[in-house]
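Notes follow the structure.
Letters A, B, ... are given to chains in the order of the sequence lines, protein chains preceding strands, and every chain is numbered from 1. Quick caveat, the model's predicted, so the values are computed rather than measured.
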Amino acid sequence: MDALDERTIHPAFRGESELVIRRLEKLEEWRAKGIEPYAWRYPRRDVTEEIRRRFQYLEKGQESDYVASLAGRLMALRRHGKACFADLLDGWGKLQLLASVDSLGETGYELFQELDVGDWIGVEGPVFRSRRGELTVRVSEFKLLSKSIRPLPEKWHGLKDIELRYRQRYLDLLVNPEVKQKLLVRAKTVKEIRRFLDQRGFLEVETPMLHPIPGGAAARPFVTYHQALGENLYLRIAPELYLKRCLVGGLEKVYEINRNFRNEGISYKHNPEFTMLEFYWAYVDYLDLAAFLEEMLVEVVKGVKGNTSFTYQGSELDLSPPWRRVTLLEAVSDAVGEELDSTTPPVRWKELAEKRGITVEEGWGPGKIATELFEKLVEPEIWDPTLVMDYPREVSPLARAHRSDRFLAERFELIVAGREIANAFSELIDPIDQRIRFEEQARMRERGDAEAHAVDYDFLRALEYGMPPAGGLGLGIDRLVMLLTDSHSIREVILFPHLRPEG
RNA sequence: GCGCCCGUAGCUCAAUUUGGCAGAGCAGGGGACUCUUAAUCCCAAGGUUGAAGGUUCGAGUCCUUCCGGGCGCACCA
């Protein structure tokens, strides 16, 4: 077959590398032989993992009379003249193939030699163990299922370029096995969480992603526009206010595992869209939730990893309960070396913060400053799972005030390896109090705080009908999976993390 | 948003320190080879060094701007 020239190459491929051009030629060669290089179907009967398990017993050089039928992608070709070893990768793993003149005949073997690494094929043939001990299928028949016209990344070094790994995640998945491993851990984690909650009578619900008023968290939202209604909508920053409406409606235990969107910076622990679990449970408070979270995480982590201690980024992490508990004020007091409590005057808070290089912005009360001090001085230093109890009420507009200290809210966060994994509170169910908190937030918004909570009057009306006392908890799925997969970056556990559009 | 670093063949990397002919392995092409598994051996080929401009006799290398990315900080979960 003549080389393709400029006229016969599809315009899309002009300027492509010789490797691509060569493969386009091969594509035409298959067609010239009357073989369609993109098959409709292949009735494969076996998968590699199952074959591997079934024929474990074969001795070196021994051949079974079972004719395997496999399909997958060719990942390597080792040609030896009249015989050729190949690696076939399917969804379960790799298995070696041996094609030879003996098994395929002259014509068949010649055709096999036309295959490239990356091509999808179906094969049939008896299973045997090679002299070197590798379980192998002796190819007696094969079929090209899909021709690959772009070369795969190099087999030994693989794909290292981080940008390419994320942009072309399918290649990353193909050549870097740990990528798939991490996805499996992620899927298993979510499944275990669902199982845990389902078993305890929680109902999984789906609440809106498009919100007329973004609420449930302090964050800048993404704005979008509804043509027919002629109004702005916001991609949700949290499902909280809708899940609480469910409790007003009489659902006593609800949860949702879904995406939240926050229009903020991107970092190793932040992606603009991320997955959260939120659950709400009638008649319990934040102390019940703390115990429940311990139980849940232990069961989930055991289910996924087999035990509760493992290595994260080179250090040992042990999630077995009971976890250390410390109040936020205690932690901050320790960090600054001075007893601080809800009676500490605002000026003192301000002095302490400024001494630590924290710029105190207008409108920050002692609660906000205490939280800032905590996040700056304490949180990054926490390694072992720690329940930080009793956040200031000022920074918790949806949480119930603490029963014995109005400066505080009944709220805790679970901190592991320097980052927040979960956030929970006794929910604020008093509609009057909630209205006051919203109004405080609205004043902050007016002062220019784009992350302050917007007033949601429909939510207030729901509360006015009566919401049962309840505890609610949010857990960052991505961050939990980061811990379980020993991933430094959140992008490692998100299949297609956000990148700028390709230039 | 700010700071530091990076961008060389399809992939993984040299050459940058001190400006002086852009190189290797893998992949691809030709040849040899029926038990290899990073197969091996021989031969040939493969490049707008992210883009544009500048300095210079000469720029992958130095300077400026832009594009893309990584890391750190800030914001946040």
Side-chain angles (χ1 to χ4, degrees), chain A residues 3 15-23 25-26 60-61 63 75-87 94-104 109 116-118 128-136 138 148-168 171 175 216-220 237-238 260-278 357-359 361 371-372 375-376 379-380 413-415 419-423 449-451 474-480 482 488-491 499-503:
Chain A
E16 277 294 349
S17 74
E18 273 181 45
L19 286 80
V20 172
I21 301 300
R22 174 66 197 135
R23 294 219 178 174
E25 288 171 12
K26 285 195 176 180
K60 283 180 186 174
E63 181 151 340
M75 294 303 286
L77 286 165
R78 295 179 289 280
R79 298 189 165 100
H80 295 260
K82 295 194 174 67
C84 175
F85 287 96
D87 293 334
K94 272 186 199 174
L95 197 67
Q96 181 169 263
L97 308 177
L98 174 59
S100 67
V101 174
D102 292 346
S103 67
L104 282 166
Y109 186 69
D116 291 303
V117 170
F128 75 105
R129 193 172 294 281
S130 74
R131 275 172 229 165
R132 293 288 183 90
E134 185 76 28
L135 197 68
T136 307
R138 191 182 301 281
S148 164
I149 58 178
R150 285 191 191 277
L152 295 177
E154 200 235 16
K155 61 185 171 192
W156 184 242
H157 297 93
L159 190 62
K160 292 268 178 62
D161 184 309
I162 293 177
E163 181 184 1
L164 284 183
R165 285 190 49 226
Y166 296 148
R167 277 200 201 284
Q168 295 183 264
L171 296 179
V175 300
R220 190 188 297 266
I237 54 176
N260 289 346
F261 306 86
R262 298 191 185 173
N263 205 342
E264 283 154 0
I266 297 174
S267 80
Y268 73 96
K269 48 181 173 175
H270 302 253
N271 196 59
E273 48 182 306
F274 62 101
T275 303
M276 280 269 284
L277 158 71
E278 282 201 19
I358 295 170
T359 334
E361 286 169 30
T371 308
E372 288 291 323
E375 284 173 1
K376 182 147 250 169
E379 190 173 275
E413 289 197 1
L414 169 64
I415 310 294
R419 67 200 69 171
E420 177 190 339
I421 297 294
N423 178 18
D449 184 350
E451 285 161 8
L475 184 149
I477 299 290
D478 312 271
R479 288 190 177 174
L480 175 60
M482 282 169 74
H488 168 71
S489 170
I490 196 166
R491 292 174 164 193
L499 300 172
R500 288 184 210 213
E502 224 165 335

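Taking 4.5 Å as the limit, every side-chain heavy atom of A/Leu164 sits out of range of all side-chain heavy atoms of A/Leu171.
Dashed line: the shortest gap from a side-chain N or O of A/Arg131 to OP1 or OP2 of B/U34 is not under 4.0 Å. Look at A/Arg132 and you'll find a side-chain N or O under 4.0 angstrom from OP1 or OP2 of B/U37. Here A/Lys376 reaches the OP1 or OP2 of B/A74: one of its side-chain N or O atoms lies under 4.0 Å away. For B/G72, one of the phosphate oxygens OP1 or OP2 lies less than 4.0 angstrom from a side-chain nitrogen or oxygen of A/His488.
Residue-level contact check: A/Asp102 touches the bases, meaning some heavy atom is under 4.0 Å from a base atom. Residue contacts shown for A/Ala76 are absent, as no nucleic acid heavy atom lies under 4.0 Å away. As judged by a 4.0 angstrom heavy-atom cut-off over every strand, A/Arg479 is placed among the base-contacting residues. Contact annotation for A/Asn263: no contact, since no heavy-atom pair falls under 4.0 Å across all strands. At the heavy-atom level, A/Glu134 lies under 4.0 Å from base atoms of the strands shown. Within 4.0 Å (heavy atoms only), A/Arg129 reaches no atom of the nucleic acid at all. Using a 4.0 Å heavy-atom distance criterion, A/Tyr109 is classed as making no nucleic acid contact. Residue A/Ile421 is classed as having no contact, given no heavy-atom separation below 4.0 Å to the nucleic acid.
Using Watson-Crick or G-U wobble geometry with both donor-acceptor distances under 3.5 Å, B/U40 finds its partner in B/A32. In a base pair of the Watson-Crick type (N1 to N3 plus N6-O4 or O6-N4) or a G-U wobble (N1-O2 and O6-N3), with each distance short of 3.5 Å, B/G46 is matched with no nucleotide. Across all strands shown, B/G20 forms a Watson-Crick or G-U wobble pair with B/C57, both key distances being under 3.5 Å. Base-pair partner of B/G68: B/C6 (Watson-Crick or G-U wobble, both distances under 3.5 Å). The nucleotide B/G25 finds its pairing partner in B/C11, both defining distances of the Watson-Crick or G-U wobble pair being shorter than 3.5 Å.
As rounded to the nearest Å, B/U17 and B/G69 have P atoms that lie 28 Å from one another. Of the P atoms belonging to B/U18 and B/U65, the separation is 22 Å, rounded to the nearest Å. Rounded to whole Å, the separation between the P atoms of B/U61 and B/G54 comes to 14 Å. For B/A44 and B/G29, the C1' atoms lie 8 Å apart once the distance is rounded to whole Å. Comparing the same atom, P, in B/G60 and in B/G20 gives a spacing of 10 Å after rounding to whole Å. The C1' atoms of B/C66 and B/C42 are separated by 47 Å, rounded to the nearest whole Å. Taking atom C1' in both B/A14 and B/U64, one finds a spacing of 28 Å when rounded to whole Å. As rounded to the nearest Å, B/A45 and B/U56 have P atoms that lie 37 Å from one another.
When distances run from any side-chain atom of A/Lys82 to the nucleotides B/U34, B/A77, B/G68, the shortest one goes to B/U34.
Annotation for A/Cys84 and A/Leu77: closest pair SG-CD2, 4.0 Å, computed over non-hydrogen atoms. Considering all non-hydrogen atoms of both residues, A/Gly133 and A/Arg129 come closest at O-NH1, 3.0 Å.
Remark: the backbone N or O of A/Ile237 is paired with a side-chain donor or acceptor of A/Arg262 at under 3.5 angstrom. Not one N or O on the side chain of A/Asp116 forms a donor-acceptor pair closer than 3.5 Å with the backbone of A/Gly118. Within the 3.5 Å criterion, the main-chain N or O of A/Ile490 finds no donor-acceptor partner in the side chain of A/Tyr268.
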- Candidate pair A/Arg78 and A/Gln96, rule side chain to side chain donor-acceptor pair (under 3.5 Å), full reasoning: CA-CA 10 Å; A/Arg78 295 179 289 280; A/Gln96 181 169 263; 2.7 Å; yes
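Residue whose closest nucleotide on RNA chain B sits further toward the 5' end, between A/Leu164 and A/Leu98: A/Leu164. Summary of the strand contacts: A/Phe128 and A/Asp161 both lie near RNA chain B, and taking for each the nucleotide with the nearest heavy atom, the more 5' one is attributed to A/Asp161.
In summary, A/Glu63 and A/Arg138 engage in a salt bridge, as defined by a charged side-chain N under 4.0 Å from a carboxylate O.
The nearest whole Å value for the distance from the CG atom in A/Leu95 to the P atom in B/U37 is 17 Å.
For a distance-only test at 3.5 Å, the side chain of A/Asp87 fails to qualify as a donor-acceptor partner of the base of B/U37. Between the base of B/U36 and the side chain of A/Gln96 there is a donor-acceptor pair shorter than 3.5 Å.
Surrounding CZ of A/Arg79 are more than 12 heavy atoms belonging to other residues, nucleotides or ligands, all under 6.0 Å away.
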- Message: Walk along nucleotides 24-31 of chain B from 5' to 3' and tag each nucleotide B, S or - by protein heavy-atom contact under 4.0 Å, base first, then sugar-phosphate.
- Response: -BBBSS--
